[in-house]
Amino acid sequence: MNRREIAALLAYVDRLDPSRAAQDRAAAGERLDQWAILLEHVPATAQHPDGRHWDASQVAARHIARSPYPIKPSDIGAPWETYRAEVIGRHWDPAPPVDPDNEAAYRAALRGTRQAVAVGALAPTPQRAIEGAPSPVRAQRDAEAARRLAALGEYMPRTVRQALAAQRPHRAQREQLAAAGLPDPLDVPCPYEHCRAAKGDPCRNARRIARSRPHPSRLDDATTAHYARQEQPA
(Lines give C-alpha, C1' and ligand atoms only; values in the text may rest on other atoms or scores of the structure.)
Protein backbone atom coordinates (compact mmCIF):
# COMPACT_ATOMS: atom_id res chain seq x y z
CA MET A 1 0.00 0.00 0.00
CA ASN A 2 1.18 3.51 -0.71
CA ARG A 3 0.77 6.40 1.74
CA ARG A 4 -2.59 7.42 0.27
CA GLU A 5 -3.98 3.91 0.72
CA ILE A 6 -2.53 3.67 4.24
CA ALA A 7 -4.10 7.04 5.13
CA ALA A 8 -7.48 5.83 3.86
CA LEU A 9 -7.14 2.60 5.86
CA LEU A 10 -6.29 4.50 9.06
CA ALA A 11 -9.22 6.86 8.52
CA TYR A 12 -11.50 3.83 8.20
CA VAL A 13 -10.00 2.30 11.38
CA ASP A 14 -10.58 5.56 13.28
CA ARG A 15 -14.21 5.66 12.17
CA LEU A 16 -14.75 2.13 13.48
CA ASP A 17 -12.89 2.74 16.74
CA PRO A 18 -12.76 6.53 17.39
CA SER A 19 -11.60 6.07 20.99
CA ARG A 20 -8.23 4.82 19.72
CA ALA A 21 -7.71 7.57 17.11
CA ALA A 22 -4.59 9.75 17.22
CA GLN A 23 -5.22 12.79 19.43
CA ASP A 24 -3.26 15.38 17.46
CA ARG A 25 -1.75 16.00 14.05
CA ALA A 26 1.78 15.05 15.13
CA ALA A 27 0.67 11.68 16.51
CA ALA A 28 -1.41 11.00 13.39
CA GLY A 29 1.57 11.79 11.15
CA GLU A 30 3.87 9.54 13.17
CA ARG A 31 1.37 6.68 12.98
CA LEU A 32 0.98 7.16 9.23
CA ASP A 33 4.77 7.05 8.76
CA GLN A 34 5.04 3.84 10.81
CA TRP A 35 2.23 2.03 9.02
CA ALA A 36 3.47 3.15 5.59
CA ILE A 37 6.88 1.61 6.29
CA LEU A 38 5.64 -1.64 7.81
CA LEU A 39 2.82 -2.31 5.33
CA GLU A 40 4.48 -1.17 2.12
CA HIS A 41 4.50 -4.79 0.86
CA VAL A 42 0.83 -5.42 1.67
CA PRO A 43 -1.77 -4.57 -1.02
CA ALA A 44 -5.00 -2.77 -0.15
CA THR A 45 -6.98 -5.31 -2.18
CA ALA A 46 -6.29 -8.39 -4.31
CA GLN A 47 -8.74 -10.31 -6.47
CA HIS A 48 -7.92 -13.76 -7.85
CA PRO A 49 -9.49 -15.71 -10.72
CA ASP A 50 -10.69 -18.48 -8.38
CA GLY A 51 -12.77 -16.00 -6.38
CA ARG A 52 -10.33 -15.47 -3.52
CA HIS A 53 -10.30 -11.89 -2.34
CA TRP A 54 -8.06 -9.90 -0.01
CA ASP A 55 -9.17 -6.60 1.49
CA ALA A 56 -7.04 -4.91 4.14
CA SER A 57 -10.00 -2.86 5.40
CA GLN A 58 -12.02 -6.03 6.02
CA VAL A 59 -9.11 -7.53 7.95
CA ALA A 60 -8.95 -4.38 10.06
CA ALA A 61 -12.71 -4.46 10.71
CA ARG A 62 -12.55 -8.10 11.81
CA HIS A 63 -9.73 -7.33 14.22
CA ILE A 64 -11.59 -4.41 15.77
CA ALA A 65 -14.74 -6.54 16.10
CA ARG A 66 -12.96 -9.46 17.76
CA SER A 67 -10.02 -8.08 19.74
CA PRO A 68 -10.02 -5.78 22.77
CA TYR A 69 -6.53 -4.60 21.87
CA PRO A 70 -5.65 -1.62 19.63
CA ILE A 71 -4.92 -2.58 16.04
CA LYS A 72 -1.25 -2.69 15.00
CA PRO A 73 0.43 -3.00 11.61
CA SER A 74 1.14 -6.68 12.36
CA ASP A 75 -2.60 -7.30 12.65
CA ILE A 76 -2.76 -6.54 8.92
CA GLY A 77 0.65 -7.86 7.87
CA ALA A 78 0.38 -11.30 9.50
CA PRO A 79 -2.97 -12.18 7.85
CA TRP A 80 -1.54 -11.03 4.52
CA GLU A 81 1.45 -13.36 4.85
CA THR A 82 -0.93 -16.26 5.61
CA TYR A 83 -3.12 -15.36 2.63
CA ARG A 84 -0.08 -14.95 0.36
CA ALA A 85 1.34 -18.32 1.41
CA GLU A 86 -1.97 -20.06 0.62
CA VAL A 87 -2.10 -18.48 -2.84
CA ILE A 88 1.55 -19.19 -3.62
CA GLY A 89 1.08 -22.75 -2.38
CA ARG A 90 -1.16 -23.41 -5.40
CA HIS A 91 1.39 -22.00 -7.82
CA TRP A 92 3.94 -24.13 -9.70
CA ASP A 93 6.91 -21.91 -10.50
CA PRO A 94 7.81 -22.13 -14.19
CA ALA A 95 11.50 -21.62 -14.91
CA PRO A 96 11.87 -17.91 -15.67
CA PRO A 97 13.28 -16.90 -19.09
CA VAL A 98 16.58 -15.68 -17.66
CA ASP A 99 20.06 -17.16 -17.41
CA PRO A 100 20.05 -19.44 -14.31
CA ASP A 101 23.72 -18.62 -13.78
CA ASN A 102 22.67 -15.01 -13.16
CA GLU A 103 21.44 -15.68 -9.64
CA ALA A 104 20.27 -12.11 -8.94
CA ALA A 105 18.18 -11.93 -12.13
CA TYR A 106 16.84 -15.46 -11.63
CA ARG A 107 15.81 -14.73 -8.05
CA ALA A 108 14.26 -11.39 -9.03
CA ALA A 109 12.22 -13.02 -11.81
CA LEU A 110 10.88 -15.70 -9.46
CA ARG A 111 9.97 -13.16 -6.81
CA GLY A 112 8.32 -10.89 -9.35
CA THR A 113 6.16 -13.75 -10.63
CA ARG A 114 5.28 -14.87 -7.12
CA GLN A 115 4.28 -11.35 -6.09
CA ALA A 116 2.14 -10.99 -9.22
CA VAL A 117 0.39 -14.26 -8.37
CA ALA A 118 -0.06 -13.21 -4.73
CA VAL A 119 -1.80 -9.92 -5.61
CA GLY A 120 -3.93 -11.45 -8.38
CA ALA A 121 -2.11 -9.88 -11.34
CA LEU A 122 -1.31 -13.40 -12.60
CA ALA A 123 -3.24 -16.63 -12.13
CA PRO A 124 -1.35 -19.42 -10.33
CA THR A 125 0.38 -21.77 -12.76
CA PRO A 126 -0.78 -25.34 -12.03
CA GLN A 127 1.52 -28.33 -12.15
CA ARG A 128 0.96 -30.09 -15.45
CA ALA A 129 1.08 -33.84 -15.81
CA ILE A 130 3.50 -35.24 -18.39
CA GLU A 131 2.03 -37.93 -20.59
CA GLY A 132 3.67 -40.41 -22.91
CA ALA A 133 7.23 -41.65 -22.81
CA PRO A 134 9.43 -40.03 -20.15
CA SER A 135 11.45 -37.16 -21.53
CA PRO A 136 15.09 -36.56 -20.56
CA VAL A 137 13.94 -33.69 -18.35
CA ARG A 138 11.40 -35.93 -16.60
CA ALA A 139 14.00 -38.65 -16.19
CA GLN A 140 16.36 -36.11 -14.63
CA ARG A 141 13.63 -34.94 -12.25
CA ASP A 142 12.79 -38.52 -11.27
CA ALA A 143 16.45 -39.17 -10.54
CA GLU A 144 16.63 -36.00 -8.47
CA ALA A 145 13.51 -37.06 -6.53
CA ALA A 146 15.05 -40.46 -5.86
CA ARG A 147 18.27 -38.82 -4.67
CA ARG A 148 16.40 -36.53 -2.29
CA LEU A 149 14.33 -39.40 -0.87
CA ALA A 150 17.49 -41.44 -0.37
CA ALA A 151 19.11 -38.49 1.42
CA LEU A 152 16.16 -38.33 3.81
CA GLY A 153 16.65 -42.03 4.59
CA GLU A 154 14.56 -45.09 3.76
CA TYR A 155 14.63 -46.88 7.10
CA MET A 156 11.00 -48.10 7.34
CA PRO A 157 8.37 -49.56 4.97
CA ARG A 158 6.30 -47.06 3.02
CA THR A 159 3.04 -48.16 4.74
CA VAL A 160 4.56 -47.58 8.17
CA ARG A 161 5.97 -44.22 7.07
CA GLN A 162 2.53 -43.13 5.83
CA ALA A 163 0.90 -44.24 9.08
CA LEU A 164 3.37 -42.15 11.07
CA ALA A 165 3.04 -39.06 8.84
CA ALA A 166 0.84 -37.22 11.34
CA GLN A 167 3.49 -37.63 14.06
CA ARG A 168 6.30 -36.58 11.70
CA PRO A 169 4.79 -33.62 9.78
CA HIS A 170 8.05 -32.00 8.66
CA ARG A 171 9.56 -35.30 7.51
CA ALA A 172 6.32 -36.31 5.74
CA GLN A 173 6.13 -32.96 3.97
CA ARG A 174 9.75 -33.22 2.80
CA GLU A 175 9.12 -36.70 1.40
CA GLN A 176 6.02 -35.48 -0.45
CA LEU A 177 7.94 -32.55 -1.93
CA ALA A 178 10.82 -34.80 -3.00
CA ALA A 179 8.49 -37.34 -4.63
CA ALA A 180 6.64 -34.56 -6.49
CA GLY A 181 9.86 -32.86 -7.62
CA LEU A 182 8.94 -29.61 -5.82
CA PRO A 183 11.32 -27.22 -4.03
CA ASP A 184 11.99 -28.18 -0.42
CA PRO A 185 12.52 -25.13 1.84
CA LEU A 186 14.51 -27.24 4.31
CA ASP A 187 17.15 -27.89 1.62
CA VAL A 188 18.51 -24.40 2.33
CA PRO A 189 19.06 -22.40 5.52
CA CYS A 190 16.52 -19.70 6.37
CA PRO A 191 17.80 -16.20 5.49
CA TYR A 192 15.22 -14.41 7.69
CA GLU A 193 17.28 -12.52 10.26
CA HIS A 194 15.02 -13.40 13.20
CA CYS A 195 15.05 -17.14 12.37
CA ARG A 196 18.26 -18.32 10.66
CA ALA A 197 17.20 -21.97 10.87
CA ALA A 198 19.92 -24.30 9.64
CA LYS A 199 19.54 -26.52 6.59
CA GLY A 200 17.23 -29.41 7.49
CA ASP A 201 15.69 -27.62 10.50
CA PRO A 202 12.19 -26.07 10.46
CA CYS A 203 11.75 -22.32 10.70
CA ARG A 204 10.99 -20.92 14.14
CA ASN A 205 8.95 -17.99 15.38
CA ALA A 206 10.06 -15.26 17.78
CA ARG A 207 9.60 -17.62 20.73
CA ARG A 208 11.80 -20.23 18.99
CA ILE A 209 8.85 -22.57 18.46
CA ALA A 210 8.90 -24.53 15.20
CA ARG A 211 6.59 -23.05 12.54
CA SER A 212 4.32 -25.20 10.39
CA ARG A 213 5.28 -23.11 7.35
CA PRO A 214 8.70 -21.84 6.26
CA HIS A 215 9.37 -18.12 6.03
CA PRO A 216 8.63 -16.75 2.52
CA SER A 217 12.26 -15.72 1.95
CA ARG A 218 13.42 -19.28 2.66
CA LEU A 219 10.90 -20.65 0.17
CA ASP A 220 12.17 -18.15 -2.41
CA ASP A 221 15.78 -19.29 -1.86
CA ALA A 222 14.80 -22.96 -2.08
CA THR A 223 12.88 -22.34 -5.30
CA THR A 224 15.84 -20.52 -6.84
CA ALA A 225 18.24 -23.32 -5.89
CA HIS A 226 15.84 -26.03 -7.07
CA TYR A 227 15.33 -24.63 -10.55
CA ALA A 228 18.99 -23.69 -10.90
CA ARG A 229 19.85 -27.37 -10.36
CA GLN A 230 17.30 -28.38 -12.99
CA GLU A 231 18.89 -26.06 -15.52
CA GLN A 232 22.28 -27.71 -15.08
CA PRO A 233 23.19 -30.38 -17.67
CA ALA A 234 22.78 -33.96 -16.48
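When a residue number appears, it is its place in the shown sequence, counting from 1. Side chains are part of it too, since the values below use all heavy atoms of this structure and drop only hydrogens, waters and symmetry mates.
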Who pairs with R31 by salt bridge (Lys or Arg N to Asp or Glu O under 4.0 Å), at least two apart in sequence or on another chain?
D14
Whether Q47 side chain and T45 backbone form a donor-acceptor pair below 3.5 Å:
no
Any donor-acceptor N/O pair, W54 side chain to P43 backbone, under 3.5 Å
yes
In sequence, state the C-alpha distance, the side-chain angles, and the governing distance for R25 and E30, and then conclude on side chain to side chain contact (heavy atoms under 4.5 Å, CB included).
CA-CA 9 Å; R25 185 182 297 273; E30 183 177 346; over 6 Å; no
Roughly how far, to the nearest 0.5 Å, is the CD1 atom of I37 from the CD1 atom of I6?
10.5 Å
Test item: side-chain donor near acceptor, T223 and D221, under 3.5 Å
no
Could you grab the distance from atom NE2 of H53 to atom CD of Q58, nearest 0.5 Å is fine?
5.0 Å
Mind listing the closest non-hydrogen atom pair of R20 and P68 along with its distance?
NH2-O, 3.1 Å
Atom CG in L9, atom CD in E5: separation rounded to 0.5 Å?
9.5 Å
When rounded to the nearest 0.5 angstrom, what distance separates CZ in R213 from CG in N205?
15.0 Å
R196 side-chain N/O to P191 backbone N/O, donor-acceptor pair under 3.5 Å:
yes
Shortest non-hydrogen contact between H63 and D75, atoms and distance:
CE1-OD2, 3.3 Å
Between R218 and V188, is there a donor-acceptor pair closer than 3.5 Å when you use the side chain of the first and the backbone of the second?
yes
Looking at R211 and C203, would you say the former's side chain and the latter's main chain have a donor-acceptor pair under 3.5 Å?
no
